[in-house]
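Report on the structure given below.
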Amino acid sequence: MSANIPITDRDVLLVVDVQNDFCPTGMLPVQRGDEVVPVVNRHAELFRHVVLTQDWHPPSHHSFASVHAGQNPFETITAAYGPQILWPDHCVQETPGAEFHEGLAVPHAQLVLRKGFRHEVDSYSAFYENDHKTPTGLAGYLRERGFTRVFVVGLAFDFCVRFTAEDARRTGFDVVVIEEGCRSIDMEGSIADTRASFGALDVRLVDAL
Ligand code: VGL
Ligand code: ZN
């Protein structure tokens, strides 16, 4: 169902991590992750202003299970900044897995924001790293550009989309997540947790624009 929200010059679309490693043939596949591509392309046409985010880890990043002896992907460890889920190696800088899906067609995207590039700190959110205090600079960029409302699509709904939307809201933006343009990793109630959190924070969830 269409949400019928008029898009203005103060709106920006954030396209989160539509990268090969999160698609079905990638290293951290999100089920049917590639299905968001045409949906994202179609929605991007409605916006004058679009920002892409790109998960961008150095080799042997701290979030990779492979660098922790005896640990497996999807287990949780305690990092210096708190709990951290361990992932398969993914989105390693300059590898094909880190590239955007080849079908992603957003020629008018104005910024590519890379995140997760610090060896010891993961970054789900495009606003703050997982220590919840190191800013990426995105909030300042968006404010300075005069945007007041952020729309979010991409991968994965229950991780990077979730934490990006939450931080956008806490940072003072109105936030709308477009569900048809998202797919989930889905572990241990993560989808239900995401919905509950969006409700509590007043992050609006719509099917499509
Ligand atoms: C993501 C886990 C690890 C995401 C990125 O884009 O949702 N999830 N790195
Ligand atoms: Zn990552």
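Read the numbers this way: they start at 1 and go in the same order the structure lists the ligands and their atoms. Here the structure is a predicted model, which is why all the values come from computation and not from measurement. Values below: all heavy atoms of this structure, side chains included; hydrogens, waters and symmetry mates excluded.
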Open item on the list: Between Glu35 and Arg32, does any NZ, NE, NH1 or NH2 come within less than 4.0 Å of an OD or OE carboxylate oxygen?
Closed with: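 A salt bridge is present here (some side-chain N lies under 4.0 Å from a carboxylate O).
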
Task: Residues Lys115 and Glu129 bridged, charged N to O under 4.0 Å - done: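 Result for this pair is no, no salt bridge flagged.
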
Open item on the list: Please check if the number of heavy atoms outside Arg48 that lie under 6.0 Å from its CZ is greater than 12.
Closed with: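 Not buried by this count: 12 neighbours or fewer within 6.0 Å.
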
- [ ] Can you run down the ring-ring contact (aromatic ring centres under 6.0 Å, His included) pairs that involve residues 3-42, sequence neighbours left out, and say none if there aren't any?
- [x]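 Listed once each, the pairs are Phe22-His90.
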
TODO: May I have all residue pairs that pass ring-ring contact (aromatic ring centres under 6.0 Å, His included) and include part of residues 27-46, sequence neighbours excluded?
DONE: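 Pairs touching residues 27-46 that pass the test: none.
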
- [ ] Please confirm whether the backbone N or O of Asp167 pairs with a side-chain atom of Ser125, one donor and one acceptor, at under 3.5 Å?
- [x]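 Side chain of Ser125 to backbone of Asp167: no pair is present.
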
Task: Smallest separation among heavy atoms of Pro83 and Thr76, with atom names - done: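 In terms of heavy atoms, the two residues are closest at CB-CG2, 3.9 Å.
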
Give a table of atom pairs where an N or O of ligand 1 lies under 3.5 Å from a protein N or O.
unit_1: ligand 1; atom_1: 6 (O); unit_2: Asp17; atom_2: OD2; d: 2.7
unit_1: ligand 1; atom_1: 6 (O); unit_2: Leu155; atom_2: O; d: 3.2
unit_1: ligand 1; atom_1: 7 (O); unit_2: Ala156; atom_2: N; d: 3.0
unit_1: ligand 1; atom_1: 7 (O); unit_2: Cys160; atom_2: N; d: 3.1
unit_1: ligand 1; atom_1: 9 (N); unit_2: Asp55; atom_2: OD2; d: 3.1
unit_1: ligand 1; atom_1: 9 (N); unit_2: His90; atom_2: NE2; d: 3.1

Open item on the list: Does any part of the side chain of Asp21, heavy atoms only, come nearer than 4.5 Å to the side chain of Cys91, both counted from C-beta?
Closed with: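 When only atoms from C-beta onward are counted, Asp21 and Cys91 do touch, with a gap below 4.5 Å.
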
TODO: Using 2.8 Å as the cut-off, note every protein N, O or S atom close to the Zn ion (ligand 2).
DONE: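 Less than 2.8 Å away from the Zn ion (ligand 2) sit Asp55 OD2, His57 NE2, His90 NE2.
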
TODO: Give a yes or no on whether the ring-centroid distance for Phe64 and His57 is below 6.0 angstrom.
DONE: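 Ring centroids of Phe64 and His57 are less than 6.0 Å from each other.
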
